[in-house]
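Taking it in order: structure first as structure tokens, then the write-up.
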Amino acid sequence: MTGKLITLEGGEGAGKSTVLETVRELLAARGLNALVVREPGGTKAGEEIRRVLLDTAHHGLCAEAELLLMFASRAQLVRELVRPALAAGQWVLSDRFTDASYAYQGGGRGQPQARIAELERWAADGCVPDLTLLLDLPVAEGLKRANGRGSADRIEMETADFFERVRAAYRLRAAAEPARFRVIDASQPLTGVLADVRIAVGRFLDANGVRA
Ligand code: Z5A
């Protein structure tokens, strides 16, 4: 049986990294040793691409180059790690995936949805997550959390308006695909967020016949 792809999405400081470990533990408790990856990055070439994408020295990077670099990283990740793992029956847990391109490059930068969909088909090999946890919280709260961490990268330096568009695009995607998305209220204290994550992942595992 093929594995499943679970992705974590959300805006700045939404708590993806914090939640990721809990999801990994939930899978492990049911005997699933998940492959954990991140985007952009995850492979040797992808991590180089990530460095270019986030480096503030490239503040003049155009939206088209940014979109193509996100998908260059993703194309490599899908073929080098994600597809082989899924084919071997391993589950994959990714910190961001293609929904981030729809939200940031689509909603944030105004790149056409159809262009992103085309890239999703061929560059990402039509690889679509089975479950996506969207950690949703007001932009101001996310920026406050993220700002506590020191210097901002190239994308983190964007305006609050940009992040409002990103959030709106994520929420639209979640509303359009309710069977795949679980929207988690990330403005709650962490214990509440993790409780909701446990319920969502537990139900998904049950639905897929994965017993403890
Ligand atoms: N990007 C893109 O544009 N297009 C794409 O296709 C892809 C990505 C794939 C890098 O992503 C950038 O690439 C990202 C989107 C873009 N740019 N931005 N902006 P990343 O995922 O590596 O980086 P990130 O989004 O900047 O992650 P992050 O800011 O680290 O967010 P997070 O992982 O969701 O948050 P966290 O580190 O878990 O938590 C942040 C802080 O809040 C931390 O101190 C926690 O202890 C705290 N926290 C977490 N949860 C709570 C709760 N519930 N209450 C209180 N405090 C909390």
Side-chain angles (χ1 to χ4, degrees), residues 5 7-24 36-43 46-47 49-56 58 61-78 82 93-111 113 115-117 119-120 123-124 127-129 132-167 169-170 173 184-197:
L5 172 60
T7 58
L8 290 175
E9 298 283 358
E12 270 302 271
K16 289 176 289 84
S17 316
T18 311
V19 162
L20 190 105
E21 186 51 26
T22 296
V23 178
R24 198 191 59 72
V36 179
V37 294
R38 70 167 179 182
E39 282 211 334
T43 63
E47 290 295 323
I49 295 169
R50 178 186 178 93
R51 196 178 46 75
V52 172
L53 277 162
L54 300 185
D55 191 339
T56 53
H58 303 309
L61 197 68
C62 66
E64 289 76 8
E66 183 179 281
L67 176 64
L68 289 169
L69 285 171
M70 291 295 175
F71 271 97
S73 170
R74 185 165 300 128
Q76 187 63 31
L77 181 71
V78 166
V82 177
L93 180 54
S94 186
D95 189 342
R96 297 195 187 278
F97 201 64
T98 307
D99 293 301
S101 293
Y102 282 103
Y104 284 80
Q105 284 66 54
R109 304 270 189 236
Q111 288 292 295
Q113 299 287 305
R115 182 174 297 168
I116 301 171
L119 284 166
E120 183 177 23
C127 187
V128 175
T132 298
L133 301 177
L134 173 58
L135 303 181
D136 180 58
L137 88 165
V139 168
E141 177 60 26
L143 291 177
K144 202 162 72 189
R145 287 184 195 170
N147 286 342
R149 288 181 314 195
S151 61
D153 64 37
R154 189 183 62 83
I155 297 176
E156 285 169 345
M157 290 173 78
E158 279 299 333
T159 61
D161 270 3
F162 173 89
F163 292 114
E164 291 290 357
R165 294 196 298 277
V166 169
R167 184 184 186 204
Y170 266 135
R173 288 190 68 69
I184 309 283
D185 175 5
S187 67
Q188 307 173 72
L190 191 56
T191 47
V193 173
L194 295 182
D196 286 355
V197 166

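A quick note: this is a predicted structure, and the numbers were derived from the prediction, not measured. As the structure lists them, so they are numbered: ligands from 1, and atoms in each ligand from 1.
Taking a cut-off of under 4.0 Å to the non-hydrogen atoms of V193, the atoms of ligand 1 that pass are 53 (N). Within ligand 1, counting atoms from 1 as listed, the ones closer than 4.0 Å to a heavy atom of Q188 are 52 (C), 53 (N), 54 (N). Ligand-side atoms of ligand 1 in range of E156: 19 (N), 26 (O), range being under 4.0 angstrom from any heavy atom. Using a 4.0 Å cut-off to heavy atoms of A100, the atoms of ligand 1 that qualify are 4 (N), 5 (C), 6 (O), 7 (C), 9 (C).
In the candidate list D185, T18, L69, T18 is nearest to atom 45 (C) of ligand 1, counting heavy atoms. For the residues R74, E12, E9, R109, the heavy atom positioned nearest atom 19 (N) of ligand 1 is part of E12. Looking at E158, E39, K16, E141 and measuring to atom 32 (P) of ligand 1, the nearest heavy atom belongs to K16. Comparing heavy-atom distances from atom 24 (P) of ligand 1 across M70, E66, R96 singles out R96 as nearest.
There is a protein heavy atom closer than 4.0 angstrom to atom 27 (O) of ligand 1. The protein reaches atom 52 (C) of ligand 1 closely, with a heavy atom under 4.0 angstrom from it.
For the residue pair T7 and T132, a side-chain donor N or O sits within less than 3.5 Å of a side-chain acceptor on the partner. A side-chain donor-acceptor contact under 3.5 Å links D196 and Q188. A side-chain N or O of D185 and one of S187 form a donor-acceptor pair less than 3.5 Å apart.
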Using side chain to side chain donor-acceptor pair (under 3.5 Å), reason through Y170 and E9 one step at a time and then give a plain yes or no.
CA-CA 8 Å; Y170 266 135; E9 298 283 358; 2.6 Å; yes

Please walk me through it: do R145 and E141 pass salt bridge (Lys or Arg N to Asp or Glu O under 4.0 Å)?
CA-CA 6 Å; R145 287 184 195 170; E141 177 60 26; 3.3 Å; yes

Take R74 and S101 through the test side chain to side chain donor-acceptor pair (under 3.5 Å) and record every step on the way to the result.
CA-CA 10 Å; R74 185 165 300 128; S101 293; 2.9 Å; yes

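At the shortest separation from atom 16 (C) of ligand 1 among protein heavy atoms lies I155 CD1, 3.8 Å. Looking at atom 41 (C) of ligand 1, its nearest protein heavy atom turns out to be R145 CB, 4.1 Å. Nearest protein neighbour of atom 30 (O) of ligand 1, counting heavy atoms only, is R149 NH1, 2.5 Å. Here the protein heavy atom with the shortest distance to atom 35 (O) of ligand 1 is G15 N, 3.2 Å. Regarding atom 6 (O) of ligand 1, its nearest protein heavy-atom neighbour is S101 OG, 2.6 Å. The closest protein non-hydrogen atom to atom 13 (O) of ligand 1 is P40 CD, 3.7 Å. In terms of protein heavy atoms, atom 22 (O) of ligand 1 is closest to R50 NH2, 2.7 Å. Atom 4 (N) of ligand 1 has its closest protein heavy atom at Q105 OE1, 2.8 Å.
Classification of E120 and R115 as a salt-bridged pair fails, no side-chain N sitting under 4.0 Å from a carboxylate O. Between R167 and D136 a salt bridge is recorded (basic side-chain N to carboxylate O distance below 4.0 Å).
Checked against a 3.5 angstrom limit, the closest N/O atoms of L54 and ligand 1 fall outside it. By the 3.5 Å distance cut-off applied to N or O atoms, G13 is counted among the residues near ligand 1.
Contact of the E158 side chain with the R109 side chain is registered, since non-hydrogen atoms from C-beta on lie closer than 4.5 Å. Looking only at side-chain heavy atoms (C-beta outward), E39 and D95 stay at 4.5 Å or farther from each other. Between T18 and L190, the closest side-chain pair of non-hydrogen atoms falls below 4.5 Å. Two residues are said to be in side-chain contact when any heavy atoms from C-beta on lie closer than 4.5 Å; L5 and V128 fail this criterion.
By the 30° and 60° cut-offs, the orientation of the rings of Y104 relative to F163 is perpendicular.
Under 4.0 angstrom from ligand 1, there are no non-hydrogen atoms of R38.
Contact between A146 and ligand 1 is absent, with no heavy atom of the residue lying under 4.0 Å from the ligand.
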